[in-house]
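Before any comments, here is the structure.
None of these values were measured; they are calculated from a predicted model.
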Amino acid sequence: MNFKYKLFAFLFNFFRFFISEKNIKKNNNISFIMDEIDEISSNSNLEYIKQELDSRDNYKYNYIYKSNYSFDKSKSFKDNFRKFFSLFSFFLIKTYKLSKSKYVFLNDNFFPIAYMNFNNKSKLIQLWHAPGAFKKFGFDSTDDENIRELIKLIGNKTEYLIVTSSNISDIYEKAFQVNEKKILAFGIPRIDYYFDKKNINQYNIRRIREKLEKKYPKIKGKKIVLYAPTFRENQDLNEKISINFDGNLFESNLNDEYCLVFKSHPKYNIPMVEHSIDLSKYDNIQELLLVSDILITDYSSIMIEFAILFKPIIFYPFDLKYYSSNERGFYFDYDDVPGPIAKDTQEIIEIIKKNNFNIDKIKKFVFKNYDYLDNKSSKRIVDFILSRD
């Protein structure tokens, strides 16, 4: 398993050997390492950091997509030819640019880092892709000793780890195996979206709704209920998500006032719920959260993001016993989630009809998971990093 990690690191270390600290210090090279689903777009952590950096100086960017170092076999000669050049670029060109980068920003784990020897003037910054702490991740989410060892090695090389609140720093300290002094509770960049006046205004919200209504007339004049379940490691259970939500019952009871929208996790193609509008391929989840009136989810960290809008959340963990025992588990008792818990679709309907929500509980949850509720997370991060240079 570790061969491709070590190969990438070997090439990085080879190039790094020829690059001096002086060269690193005087250049403006920056690398972004990300999943393909997190590629530079209007709603990613890395895009917000890029915008903030661009406002300060002229930087050169190197984009590294984790999926590009896959050795999966292709089906045709053309695909193999394309794969060859993709791997050539990934293992040689990308590693060379990475080796001379002054700053390296991560949005997820990247295991080759465990074997990479960074220049003393290069800084590795982990932004992570999700706010707060709910389901377990990193070191806490696996029993694989090999992966745990990789996470420990990466933690030693991480210069800064960005979190949304000092209240959860201890969780991130263990999950990433980093020293507490490296953890900065500045807020993650993508949350800036929800406090930017150009986004949070009636005109923009109406624009997003009209765009959706034009393509899906069923939404017009109705409140939007967004069902966004997370994935299961067990693929068979992913197939059962839609089966366990009775879209027909939901529509027959609430169709006059509400429209059900379904959003699958971007990494997994979960079948849509019957009688819902499938927006799984909608590329801006922040826009969907902005126009949704109610969120239904299970174990997804999307609820930590949605909570800052102080709108109702319903939790539907139909397989809670299995998930908590066999998959990741949680950092707090599931009964403490900031919203009512439903055991079936009928209970979801009753909760909505009776407006059985406690916004004060959501606010308490938000204040625990966020130190700042503003659009300056990106600025705080970049200000600090540049000031330490």
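- Looking at Arg232 and Asp319, a side-chain N of the basic residue comes within less than 4.0 Å of a carboxylate O on the acidic one, giving a salt bridge.
- A cation-pi contact links Lys135 to Phe231, judged by a cut-off of 6.0 Å to the six-membered ring centre and 45° from its axis.
- With respect to the salt-bridge test (charged N to carboxylate O, under 4.0 angstrom), the residues Glu210 and Lys214 do not qualify.
- No donor-acceptor pair under 3.5 Å is formed between the side chain of Arg328 and the backbone N or O of Asn326.
- Remark: Lys174 engages Asp140 in a salt bridge, criterion side-chain N to carboxylate O under 4.0 Å.
- Test Tyr299, Phe332, Tyr331 against Phe134 for ring-ring contact (aromatic ring centres under 6.0 Å, His included) and you get one pass: Phe332.
- Ring to ring, Tyr115 and Tyr5 are not that close: their centroids are 6.0 angstrom or more apart.
- Under a 4.0 Å N-O distance rule, the pair Arg380/Asp374 qualifies as a salt bridge.
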Can you give me every donor-acceptor pair (side chain of residues 306-313, partner residue at least two apart or in another chain, under 3.5 Å) with its distance?
| unit_1 | atom_1 | unit_2 | atom_2 | d |
| --- | --- | --- | --- | --- |
| Lys311 | NZ | Leu289 | O | 3.1 |
| Lys311 | NZ | Leu290 | O | 3.0 |
| Lys311 | NZ | Ser292 | O | 2.5 |

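- No option in Lys222, Lys223, Glu251 other than Lys222 meets the side-chain contact (heavy atoms from CB on, under 4.5 Å) test with Cys259.
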Worked check of salt bridge (charged side-chain N to carboxylate O under 4.0 Å, His left out) between Arg207 and Glu287: CA-CA 10 Å; Arg207 177 191 64 80; Glu287 285 190 353; 3.5 Å; yes
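- Taking the charged nitrogens against the carboxylate oxygens, Lys182 and Glu173 have no contact shorter than 4.0 Å, which rules out a salt bridge.
- Partners of Phe318 according to the ring pair (Phe, Tyr, Trp, His ring centres under 6.0 Å) rule, which considers only residues two or more places apart in sequence or in another chain, are Tyr316.
- Salt bridge Glu145/Lys152: absent, no basic N to carboxylate O contact under 4.0 Å.
- Under the ring pair (Phe, Tyr, Trp, His ring centres under 6.0 Å) criterion, Phe18 pairs with Phe14, sequence neighbours left out.
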